[in-house]
Amino acid sequence: LAKTTQPISMDSYEGQEVNITCSHNNIATNDYITWYQQFPSQGPRFIIQGYKTKVTNEVASLFIPADRKSSTLSLPRVSLSDTAVYYCLVVGYNNNDMRFGAGTRLTVKP
Amino acid sequence: DAGVIQSPRHEVTEMGQEVTLRCKPISGHNSLFWYRQTMMRGLELLIYFNNNVPIDDSGMPEDRFSAKMPNASFSTLKIQPSEPRDSAVYFCASSFQDSYEQYFGPGTRLTVT
């Protein structure tokens, strides 16, 4: 499984766009990139997944450059309720063995 | 669907006692995962099952831990004997096999004194 590196913490203000970048230099050809969100006292929640280029859903966008050695989770116009820990994971194709790292603790301020 | 159901939500026990955590996955999901979360070690995958069969238990800390999935709608994680260092939040998650979208339960907060 590819090792991931992401910032320990980030601060933002309400209404701003937040970009969290994750490095995964040794990602394999068949690996997918997945992001989860965890609120205090809750289990993680799936946000988005992608393989290359750009993926967008109602919650976030995921940008993956051509070399796939990094990925960026973009949260548009964050609110206080987006304060959470965000995890980047690299997962093998057809393999649901997922290992969570330390994640990025995002704090949104008023 | 009610989502992944875990019981109990909180458990306080004394060192040396047996602890059994229970999980009911989302109906139709055929993969089930047990995780443990602590401040020091973060979120760790303990074991996961596909179609009720254990696939990888390399994350199970030691022989004191065991997990079973007797059928598609029920799984247990047992600790015997429990130790204070087992204190953590234990999450159960389920998914369709080969899906990256896991659904987590509310967790069981275990305190071993």
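Sequence lines set the chain letters: A, B, ... in the order given, protein chains first and strands last, and positions in each chain run from 1.
By the 6.0 Å contact criterion, CG on B:D63 is open, its count of non-hydrogen atoms from other residues, nucleotides or ligands being 12 or less. Counted within 6.0 Å of CD on B:E14, heavy atoms from surrounding residues, nucleotides or ligands total 12 or fewer; the atom is thus considered open. Crowding of B:R109 atom CZ: a count of heavy atoms from other residues, nucleotides or ligands under 6.0 Å not exceeding 12.
Listed by sequence position, the residues of residues 73-81 of chain B in contact with chain A number zero, using a 4.5 angstrom heavy-atom cutoff.
Hydrophobic clustering (ILVMFWY, side-chain heavy atoms < 4.5 Å, transitive): B:I5 and B:F49 are in distinct clusters. A:V78 and A:V59 end up in the same hydrophobic cluster when Ile, Leu, Val, Met, Phe, Trp and Tyr side chains are linked at under 4.5 Å. Note on A:I47: it does not cluster hydrophobically with A:F63, by side-chain heavy-atom contacts below 4.5 Å among ILVMFWY residues. Following chains of ILVMFWY side-chain contacts shorter than 4.5 Å, one cannot reach A:F39 starting from B:F104, and the two form parts of different hydrophobic clusters.
Taking CG of B:L43 as the start and CZ of A:R99 as the end, the distance is 11.0 Å to the nearest 0.5 Å.
Only the backbone of A:Q42 comes within less than 4.5 Å of a heavy atom in chain B; its side chain stays farther off. Heavy atoms closer than 4.5 Å to chain A are found nowhere in B:E44, neither backbone nor side chain.
Pairs engaging residues 8-33 of chain A under the ring-ring contact (aromatic ring centres under 6.0 Å, His included) rule: A:Y32-A:Y51, A:Y32-B:Y100 [sequence neighbours left out].
Ring-centre distance between A:F100 and B:Y35: below the 6.0 Å cut-off.
Under the 4.5 Å side-chain criterion, counting only non-hydrogen atoms from C-beta, B:Q102 is in contact with A:Y36.
No other option in A:P44, A:G43, A:G103, A:G101 has as many heavy-atom pairs under 4.5 Å with chain B as A:P44.
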